[in-house]
Number of protein chains: 2
Amino acid sequence: MNELGELSNQLSVFRAKKGYSQAEVAKRIGVSRQTIISLEKNKYSPSLKLAFELAYLFDTGIEDIFQYNLKGED
Amino acid sequence: MNELGELSNQLSVFRAKKGYSQAEVAKRIGVSRQTIISLEKNKYSPSLKLAFELAYLFDTGIEDIFQYNLKGED
DNA sequence: TACGTATGTAATATATTTTTGACATTATGT
DNA sequence: ACATAATGTCAAAAATATATTACATACGTA
């Protein structure tokens with residue numbers, strides 16, 4: 001796949017706003033705690049479905065949480 | 001993972017607007033043609049990265065192409 | 001008819017995401 | 001000092017996404 005951009009996110013910010021622990025987010029979404037940790041540390045790209053679940057939990061849009069920053073642009 | 005909603009998309013609509021074949025979309029994004037076919041037929045949830053690449057190709061936002069329709073809501 | 005293009009299916013292989021479990025660290029409260 | 005909660009690391013397994021190849025069908029058109 002192309003690598004036009006780099007994925008980044010503000011998951012920990014949205015999580016802090018809600019006052020949730022990583023474990024609590026994991027439980028609410030129905031994934032493992034490891035998954036939340038890995039996403040916050042930007043280890044890989046989640047499935048679109050998981051991205052939607054997170055956006056829904058945090059009452060916001062996917063693109064408010066996740067950004068795709070095109071390389072070589074500023 | 002939770003199944004709060006069902007994923008759907010209008011990939012074929014956006015593709016038609018651009019006048020691209022499935023093969024052309026695949027080539028531009030750098031994935032296989034099978035992947036495009038499977039997504040259009042809603043076989044699985046793509047990675048968020050791929051969703052961003054598609055949105056970028058079609059000059060629109062992820063949530064314009066993909067929807068997460070909450071179950072039991074109308 | 002024959003050729004090229006577009007879409008589709010199916011099977012198997014590879015890559016990536018997600019789970020599981022065990023353990024370490026730091027901070028807070030008793 | 002001890003307990004508990006929160007975050008983190010690591011490794012291996014399981015699940016899902018993606019690639020690859022081969023083949024089928026339909027359509028337009030030379």
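Here the structure is a predicted model, which is why all the values come from computation and not from measurement.
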E53(A) and Y68(B): side-chain donor and acceptor closer than 3.5 Å?
yes

Quick one: the side chain of Q34(B) and the base of dT9(C), do they pair up donor-acceptor inside 3.5 Å?
yes

Strictly under 3.5 Å: I want the nitrogen or oxygen pairs between protein and nucleotides 4-7 of chain C, one per line.
residue	atom	partner	partner atom	Å
dT7(C)	OP1	R15(B)	NH1	2.9
dT7(C)	OP1	R15(B)	NH2	3.4
dT7(C)	OP2	Q22(B)	N	2.8

Pairwise distance OG(S45(A)) to CG(L50(A)) - rounded to 0.5 angstrom:
9.5 Å

Separation between OG (S47(B)) and CZ (F52(B)), nearest 0.5 Å, reads 10.5 Å

Name the first nucleotide and the last nucleotide along DNA chain D (5' to 3') that come under 4.0 Å of a heavy atom in chain A.
dT7(D) to dC10(D)

K27(A) NZ: over 12 foreign heavy atoms closer than 6.0 Å
no

Given side chains that start at C-beta, do those of Y56(A) and L70(B) come closer than 4.5 Å, heavy atoms only?
yes

L11(A) side, atom CG; S38(A) side, atom OG - distance, nearest 0.5 Å:
11.5 Å

Quick one, R28(B) with E24(B), criterion salt bridge (charged side-chain N to carboxylate O under 4.0 Å, His left out). Give me CA distance, side-chain angles, the key distance, then yes/no.
CA-CA 6 Å; R28(B) 282 173 184 270; E24(B) 199 168 351; 3.6 Å; yes

Would you check, one step at a time, whether the test side chain to side chain contact (heavy atoms under 4.5 Å, CB included) holds for N2(B) with V31(A)?
CA-CA 8 Å; N2(B) 286 347; V31(A) 295; over 6 Å; no

Could you tell me if E6(A) and Q67(A) have a donor-acceptor pair between their side chains, going purely by distance under 3.5 Å?
no

Short question: side chain of E63(A), backbone of I62(B) - any donor-acceptor pair under 3.5 Å?
yes

With the criterion being N/O to N/O and under 3.5 Å, what pairs connect the protein with nucleotides 15-18 of chain C, and how long is each?
residue	atom	partner	partner atom	Å
dT17(C)	OP1	S45(A)	N	3.1
dT17(C)	OP1	S45(A)	O	3.2
dT18(C)	OP1	S47(A)	N	3.3
dT18(C)	OP1	S47(A)	OG	3.2

